[in-house]
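All chains are named by letter (A, B, ...) in the order of the sequence lines, taking the proteins before the strands, and each is independently numbered beginning at 1.
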Amino acid sequence: MAFIDYYKILGIEKKSTQEDIKKAYRKLARKYHPDINPNDKEAEKKFKEINEANEVLSNTENRKKYDKYGKDWKHADELDKAQQQRQHSRGGYQGQSSSQFSESEYSDFFGSMFGGDGRSRGGNVKFKGQDYNAELHLDLKDVYETHKRTLTVNGKNIRLTIPAGVNNGQTIRIKGHGGDGVNGGPKGDLIVSFSITNHTKFKRDKDNLHSTADIDLYTALLGGEITVDTFTGKVKLKVKPETQSGTKVKLKGKGFPAYKKEGEFGDLYITYNVELPTNLSEKEKELFNELAKLRSK
Amino acid sequence: MSKEKLILINPLCAHYEVEMSLFFELHEFGIIEILTVENSYFIHEDKISVVEKVVRMQKDLHINMEGVDTVLNLLDKINELQTELNNVKNRLRLYEE
């Protein structure tokens, strides 16, 4: 259990007045409050720290105890004294509240000094519980079809339907699966953000897919039929004569499923890459030279 | 907007320990919409989370309504930018090997 310097957390000196503490706390709270910094775990952590520091330092009794034992808390004798103090202070602590925390979010250090979580809540105002954030890592292939997953959040299993076409970085909110409400308020929500990795040859742009197909020189010049991969299989494709390298063709409805639009799909764009023959034989060189002459006439 | 999803303001005032005037102020600022049904005032269920956010900002941070409105607008903007950034990042992947 590390010693926590509450003065340092609030950026004030030990001799600071109650007014200085209040001012410092309010300034930092405005900066790091979870409502001002949604989905920012660092800000949330910082807010918990400054809230804890404020709860101790804004209360004269607790501040005295902290000033007396805080620095040397590691010494056994003084820890004993702190333990005695703890018995007296249990339940008697009055401080400023925050509606955002669960009881376990106070540091061990706070618990050792003041007993329990030392928390008092402002009146009996009911607030919705804290929203939990979770990240779900999926493969692009996983999100081609709507499927169910079981997530374990804080020891509880949650069965979740993942709609086809969900995007990388997208978030969905599952009501009532967050932290417990304050003073009997409703539970918070679980916010799941998706991190989707792509190991396929296709590149995704929302509902559209992109890929390249190699065609030989003769098919590009004279036209023909090639077989190309789509996300779910293979299709035959007619190549027009005199197709240039870099030509893009669209396969309508062969892209990715549109999110929450059943039966709707994006398109697949295929870019042709014309492969030139290598290791030409003497005969081939002769023929290409003849072709070149024809072109230069 | 179905009636089942409307919530009476009076019990909300007791629940959050706030004055009725807060709701009218939120309405004036365009943050929530107050609906009158048979002389009773309601807000839509979806707006509860915004009301809670405002109550927290006022109680925890002592921000007045002008400040709250500014914060909410900026948060909306951040959210929009975050979505846009996410879309741009996903599009950039198209050009990455």
Report task. Could you please state which residues from residues 168-178 of chain A sit under 4.5 angstrom from chain B, measuring non-hydrogen atom to non-hydrogen atom, sorted by number, or 'none'? Result -> A:Asn168, A:Gly169, A:Gln170

For the atom pair [atom1] ([X]) and [atom2] ([Y]), what is the distance rounded to the nearest 0.5 Å?
X	Y	atom1	atom2	result
B:Ile63	A:Ile36	CD1	CD1	4.5 Å
B:Asn90	A:Lys206	CG	NZ	9.5 Å
A:Asn51	B:Asp60	CG	CG	7.5 Å
B:Lys53	A:His33	NZ	NE2	10.5 Å

**Report entry** Qualifying residues under side chain to side chain contact (heavy atoms under 4.5 Å, CB included), relative to A:Thr230, sequence neighbours excluded
**Finding:** A:Thr232, A:Val235, A:Leu251, A:Lys254, A:Leu268

Query raised in the report: For B:Gln82, which residues count as a side chain to side chain contact (heavy atoms under 4.5 Å, CB included) partner, sequence neighbours excluded?
Result: B:Leu85

Within a reach of under 6.0 Å around [atom1] of [X], are more than 12 heavy atoms found that belong to other residues, nucleotides or ligands?
X	atom1	answer
B:Tyr41	OH	no
B:Glu84	CD	no
A:Glu145	CD	no

Report task. Using non-hydrogen atoms and a 4.5 Å limit, figure out which bit of B:Asn87 sits close to chain A: side chain, backbone, both or neither. Result -> side chain

Report task. Give the minimum heavy-atom separation between A:Arg30 and B:Leu61, together with the two atoms involved. Result -> N-CD2, 3.5 Å

Report task. Give the minimum heavy-atom separation between A:Asp205 and B:Arg91, together with the two atoms involved. Result -> OD2-NH2, 3.2 Å

Report task. Residue by residue, scan residues 66-74 of chain B and write down, ordered by number, those that have a heavy-atom distance under 4.5 Å to chain A; if none do, write 'none'. Result -> B:Val71

